[in-house]
Amino acid sequence: MNNSSMIQRSLRHVWHPCTQMKLHESLPPVPIARADGVWLYDFDGRRYLDGISSWWVNLFGHGHPYIKAALRAQLDTLDHVMLAGFTHQPVVELSERLAALTGLGHAFYGSDGASATEIALKMSAHYWRNTGKPEKSRFIGVAGGYHGETVGALAVTDIARFRAAYAPLVRLAATVPSPDARGAAPRESAAEVARRAATGLHSWLEQHHAETAALIVEPMVQCAAGMAMHDAAYLRQARALCDRYGVHLIADEIATGFGRTGTMFAHQQAGIRPDFICLSKGLTGGTLPLSAVLTTDAVYAAFYDDELSRGFLHSHSYTGNPLACRAALATLDLFEQTDALARNRVLAQTVTQAIAPLTAHPRIRNARQLGMIWAWDADTAMPQFSQRFHQHALAHGVLLRPIGNTIYAMPPYVLADDTASHLARGALAALSATLAEEGRGQ
Ligand SMILES: *Cc1c(COP(=O)(O)O)cnc(C)c1O
């Protein structure tokens with residue numbers, strides 16, 4: 001088996017996500033044979049540093065021996081059993097530990113992020129219906145927000161390229177201003193941008209709270225919008241407004257959870273408690289698909305009844321899959337065993353130092369960092385910037401995939417000095433090589 005035969009077979013039968021397949025005529029997919037730690041290896045022996053944690057899912061490196069051992073043991077014990085009418089040790093333990101970590105004591109499971117979004121939206125609207133306010137069935141999203149791409153999740157995803165073709169299928173949510181700190185006027189602070197955005201939310205709620213079930217936010221970082229970061233004050237103001245107007249607050253922590261922003265969960269930086277938390281991506285350390293929605297006793301109690309139709313009848317076949325739950329438990333063990341949050345604070349300084357030459361590049365704007373997320377906006381009008389940068393980075397042995405003109409790194413938590421400098425050198429070389437093509441008809 002080599003790269004080119006894998007590519008040919010893949011293009012014949014595999015329809016790749018988020019991709020115009022015709023583009024693969026000139027830029028074929030990269031066949032990956034195996035992965036170890038921060039490295040992805042192709043079939044021809046080349047390796048790439050996984051600078052974006054394979055779409056933000058990996059935490060402790062690929063093929064972590066502790067997670068692998070936990071999975072093997074689970075496979076020998078119980079592969080899967082349906083969760084309707086049955087229960088098992090991994091799902092019980094995981095729900096207990098997530099409750100202890102978040103203060104939200106009831107966990108409902110799905111398989112990917114988008115299904116967690118859908119579960120939270122349905123649960124919120126159904127809560128209001130069960131409590132005698134069925135008119136509260138509309139949602140609010142934040143400008144530039146991303147919550148997944150199934151039809152229900154697209155309602156609160158404000159990214160035109162993902163939504164435009166499906167507009168007739170979607171019951172659009174209201175969109176309130178983003179607290180993205182890059183929107184600051186001269187001499188305006190991030191906290192002032194946050195206050196301005198909260199004012200927009202306030203005026204919307206003032207008029208429409210009676211028909212609104214929930215506001216959904218990505219706490220601290222709107223990742224898909226291009227790593228848009230905001231001041232924690234926004235979350236405190238949003239929490240207060242939701243309380244005042246009787247609207248649920250859903251924290252979509254699918255990308256920001258599990259230490260990515262420096263705290264275990266991003267909303268904790270604002271000292272608030274959401275009514276729902278959506279988790280996925282890092283939940284299993286990047287090994288298996290699993291998502292969870294956590295919620296409060298109050299929401300749970302509104303469904304607890306003799307009447308079947310007042311229950312939450314939502315289901316997915318693989319809900320609470322024991323293997324995925326076991327991987328999640330092993331991942332939580334690794335946070336404790338390695339003191340990951342404290343170690344990441346040190347690692348973040350190492351990466352920030354290593355990558356300082358990119359930050360200082362004259363064509364870079366808005367360099368920003370939170371926890372284990374770094375982002376830079378390249379000042380260029382090249383239409384193919386993202387694609388060209390991605391290609392050049394691969395040529396330098398680094399997987400980076402800018403969002404528009406935003407270059408970002410979201411590496412696994414197991415970088416070392418040498419891999420951090422490899423990442424930094426690759427990113428800088430990719431930027432120079434890409435900018436060197438400017439005006440060459442690229
Ligand atoms: C990735 C992501 C989702 C969707 O998760 P999928 O597993 O891709 O469906 C939802 N919300 C946020 C914030 C995400 O980053």
Side-chain angles (χ1 to χ4, degrees), residues 15-19 52-59 108-124 139-159 161-163 166 170 173 175 178-180 214-230 234-235 238 249-261 265-267 269 274 276-294 314 316 318-319 321 324 327-328 331 370-373 375 401-404 406 408-410:
W15 198 337
H16 292 267
C18 203
T19 299
I52 59 169
S53 298
S54 287
W55 255 357
W56 321 344
V57 301
N58 193 281
L59 301 184
F108 195 98
Y109 292 89
S111 314
D112 356 66
S115 61
T117 298
E118 305 249 349
I119 289 164
L121 298 179
K122 283 177 68 178
M123 232 181 222
S124 170
F139 302 103
I140 313 174
V142 175
Y146 181 90
H147 303 286
E149 292 169 59
T150 52
V151 173
L154 276 180
V156 285
T157 286
D158 181 39
I159 297 184
R161 63 165 13 173
F162 297 139
R163 197 164 74 184
Y166 316 104
V170 174
T175 304
S178 168
D180 181 353
L215 162 72
I216 183 164
V217 297
E218 294 158 88
M220 302 308 290
V221 189
Q222 293 180 280
C223 295
M227 304 301 153
M229 300 184 182
H230 59 250
Y234 179 74
L235 301 170
L249 178 62
I250 303 172
D252 177 349
E253 294 260 9
I254 291 166
T256 53
F258 301 101
R260 192 44 82 176
T261 68
F265 300 104
H267 71 269
Q269 295 182 38
F276 298 90
I277 301 174
C278 300
L279 301 174
S280 189
K281 292 203 167 110
L283 176 57
T284 60
T287 56
L288 286 167
L290 180 70
S291 66
V293 175
L294 310 175
H314 185 101
H316 296 286
Y318 281 98
T319 295
N321 174 257
T331 301
L370 186 67
M372 291 296 286
I373 305 176
R401 208 167 174 272
I403 300 170
T406 298
Y408 73 91
M410 235 203 229

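In this text the structure is predicted, and so the values were computed from the model without any measurement. Counting starts at 1 for both ligands and their atoms, in listed order.
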Is the F265 ring parallel, tilted or perpendicular to the H267 ring (thresholds 30°, 60°)?
parallel
Is a donor from one side chain sitting under 3.5 angstrom from an acceptor on the other, for E118 and S115?
no
Is W55 close to R401 at the side-chain level, that is, under 4.5 Å between some pair of heavy atoms?
yes
Is the shortest heavy-atom distance from the side chain of V217 to the side chain of P274 under 4.5 Å?
no
Supply the atom-to-atom distance M227 CE to I373 CD1, rounded to the nearest 0.5 angstrom.
6.0 Å
Does the side chain of H147 come within less than 4.5 Å of C278's, by heavy atoms?
no
Under a strict 4.0 Å criterion on non-hydrogen atoms, which protein residues are in contact with ligand 1?
W56, D112, G113, A114, Y146, H147, G148, E218, D252, I254, A255, K281
